[in-house]
Structure formats: C-alpha cells, structure tokens
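Here the structure comes first, spelled out in structure tokens, and everything after it is commentary.
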Amino acid sequence: MSFIDELLDCPTEITYLSGANNYTWLNFANGRKTLISKPLRYFETRLDHFIRVHKTALINPQFVRDWIAPARLKMAGTVRMNCGTVLPVGRRRWRLFIENLSATAEEPVETKPGKNDPSVIIVTDSQTKASWVRKGFQSKFANCLVNQLNQGEVIPDLLFSLPDDQLPALILLDACSSTTDRMNTLRSLKETPRLASIPTLLLVPRNTPETVNLAYAGWANSVVTVMEDQAIFTRTMAQLGHFWFHLVALPSRN
C-alpha cells in the first residue's frame with residue numbers, strides 16, 4: 001500500500017484539504033498536516049463524500065462547525081471548521097455546498113438535553129415551513145416534538161392550561177407572514193409571568209429592519225433571518241436546536 005493510500009485509508013481523520021498548484025495540504029483532526037505532491041482534484045476523486053467548496057479547498061462535512069452565507073449575490077460565503085479554520089465557499093458552489101452538507105448530515109448527532117424530550121411550537125400558516133422546522137430540529141434531536149399552530153392568538157390560553165413540565169422548550173413565530181398576529185402573540189407571552197420565560201424566537205425574511213426592531217422591543221429572545229430554501233432553512237433550524245437545547249441553560253420545568 002502506498003503512502004497516499006495509507007493516508008486515505010482513514011478519511012474520517014481528515015478535516016479538510018487545501019491545494020496550491022500541484023500540491024495539497026492534508027489537515028487532520030489531531031492537528032497534524034501533511035504535504036502531498038498531488039493536485040486537489042486528485043483527492044476530490046478519491047474522497048467522494050468530501051465537498052469541494054472552493055478551487056483551493058476540499059472539506060470533510062463531518063467537521064463543519066458553521067458557515068456564513070454570501071452577503072451579496074456575487075460574493076463568496078465562508079465555512080468554519082471545528083478546528084477554527086475559516087475557508088471560502090465559492091459563489092457558484094454555495095447552493096451545492098448547502099445541499100451536500102444537508103444530505104451528508106448524520107441523524108441524530110446529538111441526544112436530548114435532559115430526561116424529558118424537548119418540544120417546540122412553530123406558529124406558521126405554511127405547512128412547508130412547519131415540515132422544514134420539524135426536519136431541522138429532528139436531524140439534531142430525533143425525539144424532539146414539533147407542533148404547528150396556524151394562529152398565535154390561541155397560544156397563551158393553550159399553554160396556561162398545561163402543567164409546567166409539559167410547556168414547550170421553545171416557541172417559534174413565523175413573522176414572514178401574518179406579522180401582526182406574531183407580534184401580538186409575542187406581547188401576550190411576555191406579559192404573562194408564567195409563560196414569559198419560555199424562549200420565543202421570531203423568524204423573519206431578510207432586509208426587514210422594522211420587524212426586527214419591533215420584535216426585540218417586544219422582548220423576543222432572538223430574531224432569526226430565514227431563507228425560502230429548504231436546505232438552508234432546515235440547517236438553520238438544526239443550528240437553533242443545537243444552540244437552545246445544547247448550549248443554553250433553559251428554565252427548569254419540573
């Protein structure tokens with residue numbers, strides 16, 4: 001077996017590869033780097049589950065921490081690896097990058113945060129968005145229960161009748177439509193002492209500063225920009241699940 005074959009025999013230890021002319025750096029999870037006198041396209045053909053994000057970079061999707069979408073149509077995006085390295089994502093490769101990343105994600109990659117399964121309420125009149133929310137959260141937390149409501153005005157009365165241990169861990173209000181209903185729902189929740197501690201997030205389209213300002217003025221816990229793209233939307237939901245169920249200390253419901 002050749003030296004290169006030995007290196008590629010355990011591709012799960014490779015985080016990303018960076019190329020320059022006819023040479024390629026292999027970067028490993030333990031911090032080791034190896035320079036090989038082969039072009040990046042050679043490794044692209046050998047590592048079929050890796051993603052080519054740029055003419056100079058090939059990544060292992062299992063080591064992706066997060067990314068930033070292109071600020072404008074003709075600009076590149078970026079992806080940050082678990083090691084902290086930030087790599088460019090070519091503007092022509094962005095959509096394929098997101099699609100491949102979504103397709104190669106393991107399910108589930110995390111477990112539920114406590115002894116009770118997390119639950120989410122999404123207020124939206126879009127069945128499509130509700131299914132994307134469900135797919136995104138359950139890709140990270142397989143036992144997560146996602147319930148949809150079309151109108152938010154019923155939430156306070158509905159939740160007030162539930163015992164504390166059955167209250168949702170998170171409420172999402174889709175303000176891409178029916179903005180008035182979502183703002184009224186937010187205000188009702190935050191004005192009700194027993195429900196005010198439930199993290200409540202608004203989902204908004206891009207370039208809506210007025211809605212963003214109103215949401216934070218109404219004590220929204222966070223305002224999240226979403227796109228009408230299934231792969232990007234579901235990945236955003238998975239990131240929200242990771243943040244709110246894994247990193248953040250949530251109020252006790254016991």
Side-chain angles (χ1 to χ4, degrees), residues 51 53-54 59 61 64-81 86-103 105 120-140 146 148-152 155 170-187 189-190 198-245 247-248:
I51 304 173
V53 295
H54 192 266
I59 67 168
V64 169
R65 181 186 299 178
D66 54 30
W67 63 88
I68 298 176
R72 290 189 292 276
L73 194 59
K74 294 187 178 181
M75 294 180 65
T78 58
V79 57
R80 181 168 53 163
M81 309 304 291
V86 177
L87 300 168
V89 181
R91 62 186 177 87
R92 291 188 179 91
R93 300 178 188 267
W94 180 260
R95 181 176 292 275
L96 189 60
F97 160 66
I98 292 297
E99 290 174 355
N100 287 341
L101 202 61
S102 178
V120 175
I121 289 180
I122 169 65
V123 180
T124 181
D125 50 15
S126 168
Q127 293 290 339
T128 299
K129 280 188 182 176
S131 69
W132 290 355
V133 170
R134 188 171 292 108
K135 180 179 179 181
F137 275 89
Q138 291 179 352
S139 71
K140 286 285 186 180
V146 178
Q148 178 194 1
L149 293 174
N150 292 331
Q151 295 295 324
I155 285 187
L170 200 63
I171 296 174
L172 306 179
L173 304 176
D174 177 18
C176 297
S177 62
S178 304
T179 306
T180 301
D181 173 78
R182 310 311 184 233
M183 292 300 177
N184 289 340
T185 302
L186 174 65
R187 184 167 57 251
L189 288 168
K190 295 307 180 183
I198 301 175
T200 304
L201 286 58
L202 261 74
L203 309 182
V204 302
R206 284 185 170 184
N207 303 317
T208 53
E210 237 179 76
T211 303
V212 172
N213 291 339
L214 284 172
Y216 281 119
W219 300 100
N221 294 88
S222 186
V223 181
V224 181
T225 299
V226 293
M227 299 179 63
E228 299 290 332
D229 178 287
Q230 180 178 0
I232 297 175
F233 192 103
T234 54
R235 186 72 181 184
T236 300
M237 294 302 107
Q239 289 181 312
L240 288 180
H242 173 75
F243 180 78
W244 286 100
F245 297 158
L247 300 179
V248 173

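Just so you know, these numbers come straight off a predicted model, no measurement behind them. When a residue number appears, it is its place in the shown sequence, counting from 1.
With sequence neighbours excluded, no residue forms a salt bridge (Lys or Arg N to Asp or Glu O under 4.0 Å) with Lys190. Under the rule for a side chain to side chain donor-acceptor pair (under 3.5 Å), Thr185 has no partner lying at least two apart in sequence or in another chain. For Gln151, there are no side chain to side chain donor-acceptor pair (under 3.5 Å) partners two or more places apart in sequence or in a different chain. With sequence neighbours excluded, the residues that form a salt bridge (Lys or Arg N to Asp or Glu O under 4.0 Å) with Arg80 are Asp66. Under the salt bridge (Lys or Arg N to Asp or Glu O under 4.0 Å) criterion, Asp125 pairs with no residue at all, not counting sequence neighbours.
Closest approach of Arg182 and Ser177 over heavy atoms only: NE-O, 3.7 Å. A pairwise comparison of heavy atoms in Gly152 and Asp181 identifies N-OD2, 3.0 Å as the closest pair.
Here the CG atom belonging to Leu201 is positioned 6.0 Å from the CG atom belonging to Leu240, to the nearest 0.5 angstrom. The structure places CZ of Arg65 at 12.0 Å from CD of Gln239, a figure rounded to the nearest 0.5 Å. Here Arg206 contributes atom CZ and Glu228 contributes atom CD; the two are 12.0 Å apart, rounded to the nearest 0.5 Å. Taken to the nearest 0.5 Å, the CG atom of Leu170 stands 9.5 Å off from the CE atom of Met237. In this structure, the separation between CG on Asn184 and CD1 on Ile155 is 12.0 Å, given to the nearest 0.5 Å. To the nearest 0.5 angstrom, Leu87 atom CG is 9.0 Å from Thr78 atom OG1.
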### Task
Could you walk me through whether Leu149 and Ile121 pass the side-chain contact (heavy atoms from CB on, under 4.5 Å) test, one step at a time?
CA-CA 7 Å; Leu149 293 174; Ile121 289 180; 4.1 Å; yes
### Derivation and outcome, side-chain contact (heavy atoms from CB on, under 4.5 Å), residues Asp174 and Val123
CA-CA 6 Å; Asp174 177 18; Val123 180; 6.0 Å; no
Pairs under 3.5 angstrom only: tabulate donor-acceptor contacts from the side chains of residues 207-219 to other protein residues two or more places apart or in another chain.
from: Thr208; atom 1: OG1; to: Pro205; atom 2: O; distance (Å): 2.9
from: Asn213; atom 1: ND2; to: Pro209; atom 2: O; distance (Å): 3.3
from: Tyr216; atom 1: OH; to: Val223; atom 2: N; distance (Å): 3.2

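Counting heavy atoms from C-beta on, the side chains of Trp132 and Ile122 never come closer than 4.5 Å. In this structure the side chain of Val224 never reaches within 4.5 angstrom of the side chain of Leu202, judged on heavy atoms. With a 4.5 Å cut-off on side-chain heavy atoms, Trp244 and Asn221 count as touching. Annotation: side chain of Thr128 is not in contact with side chain of Phe233 (no heavy-atom distance under 4.5 Å).
Counting only distance, with no hydrogens or angles, the side chain of Ser126 and the backbone of Lys129 share a donor-acceptor pair below 3.5 Å.
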